[in-house]
Amino acid sequence: MSTPGAQFDPVWLDRMYNNRELVPDHARYFARWTECSRLARQNLDCDLDLPYGESAGEKLDVFPAARGRASKRSGAPVLVFIHGGYWRSLDKAEHSFLAPSLTAAGACVVLPNYDLCPAVTIPEITLQMVKALAWTYRHVAEFGGDPNRITVVGHSAGGHLAAMLLVCQWQQWAADLPADLVKNALSMSGLYELESIMHTPFVKDDLRLTPAQVLQSSPAWLSAPRHGQLYSVAGAEESAEFLRHNKLIQTAWCNQVVPVSEALPGLNHFSIVDALAEPTHRLHALALQLLKKTA
């Protein structure tokens with residue numbers, strides 16, 4: 001199961017995976033996301049910091065579908081967005097800006113947080129997301145969402161978590177959960193094998209990945225999901241390693257399970273998040289396509 005990245009030197013790995021170095025104006029993205037997210041929470045109907053577990057990071061925000069697009073009787077499709085940050089940074093509060101265009105399109109949007117490395121491990125974060133999705137299934141109807149129409153979308157580390165949720169054995173977690181709790185997933189700039197990440201200098205001390213955790217938490221090394229499909233996309237301007245990951249999951253899980261594996265022109269590791277919020281962009285259309293598949 002050895003991967004190309006694991007065979008290369010540390011300088012090369014940092015160059016491939018350090019997206020803040022690859023996108024020099026990354027701070028401008030974060031500042032804009034923060035301000036636009038503040039305005040979204042100010043202007044939209046939302047319920048913030050709802051606990052789905054006991055720890056400080058186990059909270060989520062819910063943005064119901066725009067009025068007139070869905071009702072509590074009929075139920076709206078649910079889009080759960082998981083933020084990136086190499087499992088060690090960023091926050092749901094910086095991603096509320098995604099909600100306006102998605103709720104306007106009729107989706108109920110759920111933004112979960114999770115505790116960050118090194119306080120927790122990646123397998124522990126994965127289980128936190130299982131808890132968040134179980135909470136969503138049990139409670140989203142209270143916000144007008146349909147618990148039987150859940151799609152998960154994630155960016156970067158969140159894309160890894162979205163893929164992991166698609167292969168989750170839900171009924172082993174709790175008997176009241178359906179085997180196909182997550183109907184579909186969309187992974188943006190996702191990471192599908194963690195052996196390369198385990199050896200990447202700028203993150204390895206925070207992530208503290210072990211070989212056993214790499215085996216346990218690499219979607220491309222797990223059996224393909226029995227239910228649902230994964231759409232995998234990356235920005236065409238991302239590093240060769242992110243483009244490799246994008247193709248790797250389709251090869252590992254097959255074209256039927258991963259019918260979309262695209263490098264989107266003109267996008268880098270951060271502008272791809274903006275594209276999800278842009279109603280005229282193909283990435284936004286792909287997300288809505290997955291939501292419609294749940295009907």
Side-chain angles (χ1 to χ4, degrees), residues 3 5 13-23 25-30 32-34 37 57 79-95 97-98 111-117 120-123 125-126 128-129 132 152-166 185-198 200 202-204 206-207 209 214 217-220 230-249 258 260-264 267-277 283 286-287:
T3 60
L13 287 168
D14 270 357
R15 188 166 71 249
M16 289 293 105
Y17 288 105
N18 192 336
N19 290 297
R20 297 190 186 195
E21 290 294 326
L22 289 167
V23 184
D25 63 342
H26 62 269
R28 294 175 58 189
Y29 287 96
F30 297 154
R32 181 164 43 78
W33 294 355
T34 297
S37 292
L79 187 148
V80 178
F81 179 84
I82 306 174
H83 73 79
Y86 274 121
W87 306 273
R88 66 176 190 163
S89 67
L90 302 184
D91 190 275
K92 63 179 172 56
E94 295 156 335
H95 294 81
F97 78 94
L98 296 170
L111 299 174
N113 253 2
Y114 46 88
D115 292 309
L116 301 174
C117 298
V120 291
T121 65
I122 291 175
I125 292 172
T126 304
Q128 286 186 322
M129 290 298 90
V152 178
V153 180
H155 173 239
S156 198
H160 160 266
L161 294 165
M164 291 295 291
L165 290 169
L166 200 59
L186 168 61
S187 178
M188 304 151 50
S189 310
L191 294 160
Y192 303 119
E193 57 84 6
L194 301 188
E195 185 181 22
S196 300
I197 306 303
M198 179 174 65
T200 299
F202 84 100
V203 291
K204 69 178 185 178
D206 281 342
L207 302 184
L209 278 163
V214 167
S217 301
S218 292
L230 174 73
Y231 286 6
S232 181
V233 298
E237 296 182 1
E238 299 199 59
S239 74
E241 277 293 90
F242 276 88
L243 296 174
R244 178 181 69 84
H245 279 264
N246 191 46
K247 288 298 183 184
L248 173 65
I249 195 64
V258 188
V260 172
S261 175
E262 296 183 12
L264 300 175
L267 298 183
N268 62 43
H269 191 75
F270 301 107
S271 59
I272 197 170
V273 185
D274 292 332
L276 178 62
L283 182 54
L286 287 172

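With hydrogens and angles disregarded, no donor-acceptor distance shorter than 3.5 Å links the side chain of Ser156 to the backbone of Gly85. Although no hydrogens or angles enter the test, the distance criterion places a donor-acceptor pair under 3.5 Å between the side chain of Tyr86 and the main chain of Tyr17. Distance alone, capped at 3.5 Å, is enough to place a donor-acceptor pair between the Ser239 side chain and the Met16 backbone. Of the possible donor and acceptor atoms, none in the side chain of Asn268 sits under 3.5 Å from a partner among the backbone N and O of Glu237. His245 contributes no side-chain N or O that, together with a main-chain N or O of Leu191, makes up a donor-acceptor pair within less than 3.5 Å. Side-chain atoms of Asn246 come within 3.5 Å of backbone atoms of Glu262 as a donor-acceptor pair (strictly under, hydrogens ignored). Distance alone, capped at 3.5 Å, places no donor-acceptor pair between the Asn113 side chain and the Asp91 backbone. Of the possible donor and acceptor atoms, one in the side chain of His160 sits under 3.5 Å from a partner among the backbone N and O of Ser217. Of the possible donor and acceptor atoms, none in the side chain of Ser218 sits under 3.5 Å from a partner among the backbone N and O of Glu193.
Counting all heavy atoms, side chain and backbone alike, Val273 lies closest to Met188 at CA-CE, 3.7 Å. Considering every non-hydrogen atom in both Leu13 and Ser196, the closest pair reads CD2-O, 4.2 Å. Here the shortest heavy-atom pairing between Phe97 and Ser37 reads N-OG, 3.0 Å. In terms of heavy atoms, Ile272 sits closest to Leu283 at O-CD2, 3.2 Å. Contact record, Leu243 with Gly235: CD2-O, 3.6 Å, taken as the closest heavy-atom pair. Of all heavy-atom pairs spanning Ala185 and Ala162, the tightest one is CB-O, 4.0 Å.
In this structure, His95 and Trp33 have tilted ring planes: the angle between them lies in the 30° to 60° band.
Expressed to the nearest 0.5 Å, how far OG1 of Thr121 lies from CG of Leu209 amounts to 8.5 Å. In this structure, CD on Glu238 lies 8.0 Å from OG on Ser271, to the nearest 0.5 angstrom. A distance of 11.5 Å separates OH in Tyr29 from CG in Asn19, rounded to the nearest 0.5 Å. The distance from the CD1 atom of Ile197 to the CD1 atom of Ile122 is 8.0 Å, given to the nearest 0.5 Å. A distance of 7.5 Å separates CG of Leu264 from CG of Leu286, quoted to the nearest 0.5 Å.
No side-chain heavy atom of Lys92 sits less than 4.5 Å from a side-chain heavy atom of Phe81. Side-chain contact between Ile82 and Val153 is absent, with no heavy atoms from C-beta onward closer than 4.5 Å. By the 4.5 Å heavy-atom criterion applied to side chains, Arg20 and Phe30 are counted as neighbours. Here the side chains of Cys117 and Ile125 are in contact, with some heavy-atom distance below 4.5 Å. Counting only heavy atoms from C-beta outward, the side chains of Val152 and Met129 never approach each other to under 4.5 Å.
Using a 3.5 Å distance cut-off with no hydrogens or angles, the side chains of Trp87 and Asp206 do not pair a donor with an acceptor.
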Could you walk me through whether Asp115 and Gln128 satisfy the side chain to side chain contact (heavy atoms under 4.5 Å, CB included) test, starting with their C-alpha distance in whole Å, then the side-chain angles of each, then the deciding distance to 0.1 Å, before giving a yes or no?
CA-CA 8 Å; Asp115 292 309; Gln128 286 186 322; 2.6 Å; yes

In sequence, state the C-alpha distance, the side-chain angles, and the governing distance for His83 and Tyr114, and then conclude on ring pair (Phe, Tyr, Trp, His ring centres under 6.0 Å).
CA-CA 9 Å; His83 73 79; Tyr114 46 88; 4.5 Å; yes

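More than 12 heavy atoms of other residues, nucleotides or ligands shown are found within 6.0 angstrom of CZ on Arg32.
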